[in-house]
2 protein chains.
Amino acid sequence: MVKIQKQDTTEQKILGAAKSVFLEKGMAGARMQDIADKAGINKALLHYYFKSKEKLFEMIFKEASALFFSKINGIIDADIPLFDKIENFCSAYIDMLLQNPYLPLSVLNEATKQPQRFKQKLWKNREQIFIKFAHEIASETQKRKIKSIDPAHLFMNMISMCIFPFIARPVWMISTGMDENEFRAFVEERKKTIPQFIIESLNK
Amino acid sequence: MVKIQKQDTTEQKILGAAKSVFLEKGMAGARMQDIADKAGINKALLHYYFKSKEKLFEMIFKEASALFFSKINGIIDADIPLFDKIENFCSAYIDMLLQNPYLPLSVLNEATKQPQRFKQKLWKNREQIFIKFAHEIASETQKRKIKSIDPAHLFMNMISMCIFPFIARPVWMISTGMDENEFRAFVEERKKTIPQFIIESLNK
DNA sequence: ATATAGTTTAACCAAATGGTTAAAACAAAG
DNA sequence: CTTTGTTTTAACCATTTGGTTAAACTATAT
């Protein structure tokens, strides 16, 4: 008989627990004991599966940043009209972030605190993210289909508006009085309002 | 004779060192020894001036978040035309961030990791930041001067585009190949491109 | 000169934390 | 039943780190 009841193997439980603890507390703030507790096991077993905090963190972080960057390339590289691309990107990226709200803060944090390590370990074969996007903008501008705009700024604007709300979430919630559901609804709305906002600005 | 050569008192040196260490490493990652070293003193003297890490951190963090929020209210509350207000805000806020590049990540980080503490200690008498702004938008919309837009989204868009580049700086620099100066120039440009972008989108 | 506040040195303490170890318990497969 | 890999228990270790202490030194003001 194959394993049926255990949907989660111990390793998966550990990885899940590690992800949530690391993403919430960061490398420095995370405690191995907390991870063990959250996984429902003990510290000995935790080290039985993963040699060190470093190794475990690296594993989680690699996965996290892959998630953080992968969606971008996929959609930006698609072969569809510019405006559709913008709409798709915002919608898909926000969807991903809704499922991983702590992702941006965590990834950008570690990239800030350990820039050299980040560059070495996570930026090996990654190409310029928005080269193709830049060309496309240039082309559309030349064809006089949209107003002239520096692609770097446009790209930065787009990802800023998508990502930042998740980074500023607690402050935004406190300062607007939103609760979890209202915030979720607010960000859900942004899947449409951001593309709208961008396209209004680009349209001649 | 009054003290002349010492522009910085020891207390100021400590506060300066603490600010830079805390903002770069966060509460959990900061080391008292590092702060002492950076201030050019020893740990004993550090504790002679500030009882505990907690106290020192609170001091720095209170000042940091005051800086982070104060500019916003000031400009948003000014009594000038909407578009001027947007231009002023972006320009002044980005200027402030250029002088405190680690501020946003640090403040938002601690707000995320200790939301309750943040709310208690730092959000006592602070009012809704953008109430007045919202009214203004509503009024302009009604007067048919600008396109209809939800003020919350507009406000979020604006602060996102201003703040996010500083949070994503290391990743952005790596992925675009910019160096310090180029990044500075890029953000400097944004003082104009962001208001442009927003106003193009709002104009009927 | 002497008292006072600032500063250094260096040793020290207690707690937290990452990591180890060894023995025992357990479960499943051959 | 025995073997094998997994899991627990619980003690333990080494290091880091926040924080303390006491004695000595320095400069300045009275």
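Chain A is the first sequence line, chain B the second, and so forth, proteins listed ahead of strands; every chain is numbered from 1.
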Options [options], nucleotide nearest the side-chain atoms of [X]:
| X | options | result |
| --- | --- | --- |
| Leu45(B) | dT8(C), dG19(C), dT8(D) | dT8(C) |
| Met32(B) | dT6(D), dG18(C), dG18(D) | dG18(D) |
| Arg31(B) | dT8(C), dT7(C), dT17(D) | dT17(D) |
| His47(A) | dG18(C), dT9(D), dT17(D) | dG18(C) |
| Lys43(B) | dT7(D), dG19(D), dA10(C) | dG19(D) |
| Ala44(A) | dT9(D), dT7(D), dT8(C) | dT9(D) |
| Tyr49(A) | dG6(C), dG19(C), dT7(D) | dT7(D) |

Passing candidate, side chain to side chain contact (heavy atoms under 4.5 Å, CB included) with Cys90(B), options Met158(B), Arg190(B), Lys85(B):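 Filter result, single survivor: Met158(B).
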Take the protein atom [atom1] of [X] and the nucleotide atom [atom2] of [N], then report the distance between them rounded to whole Å.
| X | N | atom1 | atom2 | answer |
| --- | --- | --- | --- | --- |
| Lys55(A) | dG19(C) | NZ | P | 12 Å |
| Asn42(A) | dC12(D) | CG | P | 18 Å |
| Ile35(A) | dG19(C) | CD1 | C1' | 14 Å |
| Glu11(B) | dG6(C) | CD | P | 10 Å |
| Lys53(B) | dA15(C) | NZ | C1' | 14 Å |
| Leu46(B) | dT21(D) | CG | C1' | 16 Å |
| Gln33(B) | dT20(D) | CD | C1' | 14 Å |
| Phe50(B) | dT20(D) | CZ | C1' | 18 Å |

Asp95(B) and Gln99(B) side chains, donor-acceptor separation under 3.5 Å: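 No, because no side-chain N or O of Gln99(B) sits under 3.5 Å from a partner of the opposite role on Asp95(B).
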Modelled atom types, side-chain donor and acceptor of Asn203(B) and Lys145(B), under 3.5 Å: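 No, no side-chain donor-acceptor pair sits under 3.5 Å.
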Arg117(A) NZ/CZ over Phe61(A) ring centroid, <6.0 Å and within 45° of normal: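 No, a cation-pi geometry is absent between Arg117(A) and Phe61(A).
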Sugar-phosphate only, base, or nothing, as touched by Ala28(A) at under 4.0 Å among non-hydrogen atoms: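 Ala28(A): no heavy atom of the nucleic acid under 4.0 Å.
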Any Tyr48(B) side-chain N or O less than 4.0 Å from OP1/OP2 of dT7(C):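 For dT7(C), OP1/OP2 do not have a side-chain N/O of Tyr48(B) under 4.0 Å.
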Phosphate-side-chain proximity, Thr10(A) and dT6(D), N/O vs OP1/OP2 below 4.0 Å: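 Checking Thr10(A) against dT6(D): no side-chain N or O falls below 4.0 Å of OP1 or OP2.
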Lys25(B), NZ: over 12 other non-hydrogen atoms inside 6.0 angstrom: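 No, because the 6.0 Å sphere around NZ of Lys25(B) holds 12 heavy atoms or fewer from other groups.
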Nearest-nucleotide comparison on DNA chain D, the residue closer to the 5′ end among Ala30(B) and Gly40(A):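 Upstream on the strand: Gly40(A).
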